[in-house]
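Below: the structure, in structure tokens.
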Amino acid sequence: EVSFIYGIVISIFTLHYNTGIIIMDKSKSFLKQFLAIIVFIATFGFAQTDVSGTISSNTTWDVSGNPYTITANTVIMDGVTLTIDPGVTVLFSQDVYLKALSGATLIAQGTESDSIYFTVTDTNTVTNTEGIEFADGAIGSSVQNDTTYVSGSVIQYSVFEYFYGHAINLNTSILIAKSSFRNNSTLNGAIEVGNDGLILYKTILTSNTTSGNGAAVNISIPNEGASGDIKLLNCIFTNNQSQDGGAFCASGYNIGKVV
């Protein structure tokens with residue numbers, strides 16, 4: 001940041017010197033312009049937000065705080081809603097998660113022209129990420145006609161890239177719509193469903209790999225009391241590779257319908 005500002009200072013000074021503007025009667029005007037630029041850069045040029053611990057009141061992440069870096073495990077508390085606005089970038093550090101606890105809501109709703117981008121802080125050094133997790137009892141998606149979001153948690157117009165471990169771990173039924181999962185290297189699927197259901201709509205899953213089952217989507221319900229319908233609607237799976245189960249794998253108790 002310092003070197004960047006220093007470069008701007010030198011550039012401005014050189015411009016004024018070369019054009020013959022640096023003379024005594026204009027020095028005050030030049031100084032005001034210079035100070036205004038420095039204040040603007042200091043205020044807006046290097047915005048970023050580190051996140052960790054608990055989110056205990058309704059919170060919105062908007063583009064003014066970009067990027068939002070998950071530096072340690074972060075949980076959304078019971079009764080609390082985290083809303084992530086279009087255009088926001090969320091970065092995950094080593095071994096961390098963003099988790100919606102029982103009773104919590106996570107709304108990540110981009111737009112067709114302005115997606116939300118989830119990835120890691122450094123693809124060279126981050127070797128494991130827990131990504132986004134929805135605990136058992138987290139507020140799921142309320143939908144109409146399977147694909148129209150009404151209320152509750154949702155992932156829409158979002159991109160997940162370069163995750164390890166998994167990108168999303170679901171233990172409640174969530175609508176993931178019009179999103180993209182690409183270039184993720186996971187243990188058991190970019191999207192891992194451990195309880196309840198999933199609605200995946202108009203989502204592209206490409207170039208994901210896993211050392212386990214289901215490179216793109218892995219459904220593994222270990223509890224006899226759990227159940228859920230899995231709906232894959234108008235999705236595209238391309239170039240996903242896994243040790244077992246291909247791009248999509250479903251196993252366990254009471255999975256319900258897969259459509």
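Position 1 is the first residue of the sequence; numbering continues from there.
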#### Entry: Heavy-atom side-chain proximity of Leu198 to Ile176 below 4.5 angstrom
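Yes. Closest side-chain heavy atoms under 4.5 Å.
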### Task
Answer yes or no: is there a side-chain heavy-atom contact under 4.5 Å between Asn183 and Thr206?
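They are not in side-chain contact.
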Spell out, as yes or no, whether a donor-acceptor pair under 3.5 Å connects the side chain of [X] to the backbone of [Y].
| X | Y | answer |
| --- | --- | --- |
| Asn240 | Ala216 | no |
| Thr203 | Tyr201 | yes |
| His166 | Gly131 | no |

Going by side-chain heavy atoms closer than 4.5 Å, which hydrophobic residues are tied to [X], directly or by a chain of links?
| X | answer |
| --- | --- |
| Tyr157 | none |
| Tyr162 | Tyr117, Val120, Val126, Val159 |
| Val150 | none |
| Tyr164 | none |

### Query
Does the side chain of Thr210 come under 3.5 Å of the side chain of Ser242 through a donor N or O and an acceptor N or O?
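No - no donor-acceptor pair under 3.5 Å links their side chains.
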### Task
State which residue, out of Asn184, Asn208, Asn128, fulfils the side-chain contact (heavy atoms from CB on, under 4.5 Å) condition with Phe163.
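Going through the options one by one, the only one that passes is Asn184.
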### Query
Of the options Thr129, Leu91, Ile70, which is the one that meets Val96 in a side-chain contact (heavy atoms from CB on, under 4.5 Å)?
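By the side-chain contact (heavy atoms from CB on, under 4.5 Å) criterion, Val96 pairs with just one of Thr129, Leu91, Ile70: Ile70.
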### Message
By the side chain to side chain donor-acceptor pair (under 3.5 Å) test, which pairs, at least two apart or in different chains, include something from residues 134-146?
### Response
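Found Asp146-Lys231.
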### Task
Using the side chain to side chain donor-acceptor pair (under 3.5 Å) rule, collect all pairs that involve residues 70-94, keeping only residues at least two apart or in two chains.
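Non-adjacent pairs meeting side chain to side chain donor-acceptor pair (under 3.5 Å): Gln94-Thr127.
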### Query
Among pairs that include at least one residue of residues 58-81, which meet ring pair (Phe, Tyr, Trp, His ring centres under 6.0 Å), considering only residues two or more places apart or in two chains?
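Passing the test, one end in residues 58-81: Trp61-Tyr68.
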### Message
Show me the pairs that pass ring pair (Phe, Tyr, Trp, His ring centres under 6.0 Å) and involve residues 70-89, at least two apart or across chains.
### Response
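Of all non-adjacent pairs touching residues 70-89, none passes ring pair (Phe, Tyr, Trp, His ring centres under 6.0 Å).
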For residues 106-115, dump all side-chain donor-acceptor pairs below 3.5 Å to protein atoms at least two apart in sequence or in another chain.
| from | atom 1 | to | atom 2 | distance (Å) |
| --- | --- | --- | --- | --- |
| Gln109 | NE2 | Gln156 | OE1 | 2.8 |
| Thr111 | OG1 | Asp114 | N | 3.0 |

### Message
The criterion is side chain to side chain contact (heavy atoms under 4.5 Å, CB included); which residues satisfy it with Leu187, sequence neighbours excluded?
### Response
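Ser211.
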### Message
If the condition is salt bridge (charged side-chain N to carboxylate O under 4.0 Å, His left out), which residues does Glu133 pass it with, not counting sequence neighbours?
### Response
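If we apply the salt bridge (charged side-chain N to carboxylate O under 4.0 Å, His left out) test to Glu133, skipping adjacent residues, the hits are Lys99.
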### Task
Could you list the residues that satisfy ring pair (Phe, Tyr, Trp, His ring centres under 6.0 Å) with Phe118, not counting sequence neighbours?
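So Phe118 forms a ring pair (Phe, Tyr, Trp, His ring centres under 6.0 Å) with Phe160.
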### Task
Kindly compute the distance separating CD1 (Ile204) from OG1 (Thr238), expressed to the nearest 0.5 Å.
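That separation rounds to 8.0 Å.
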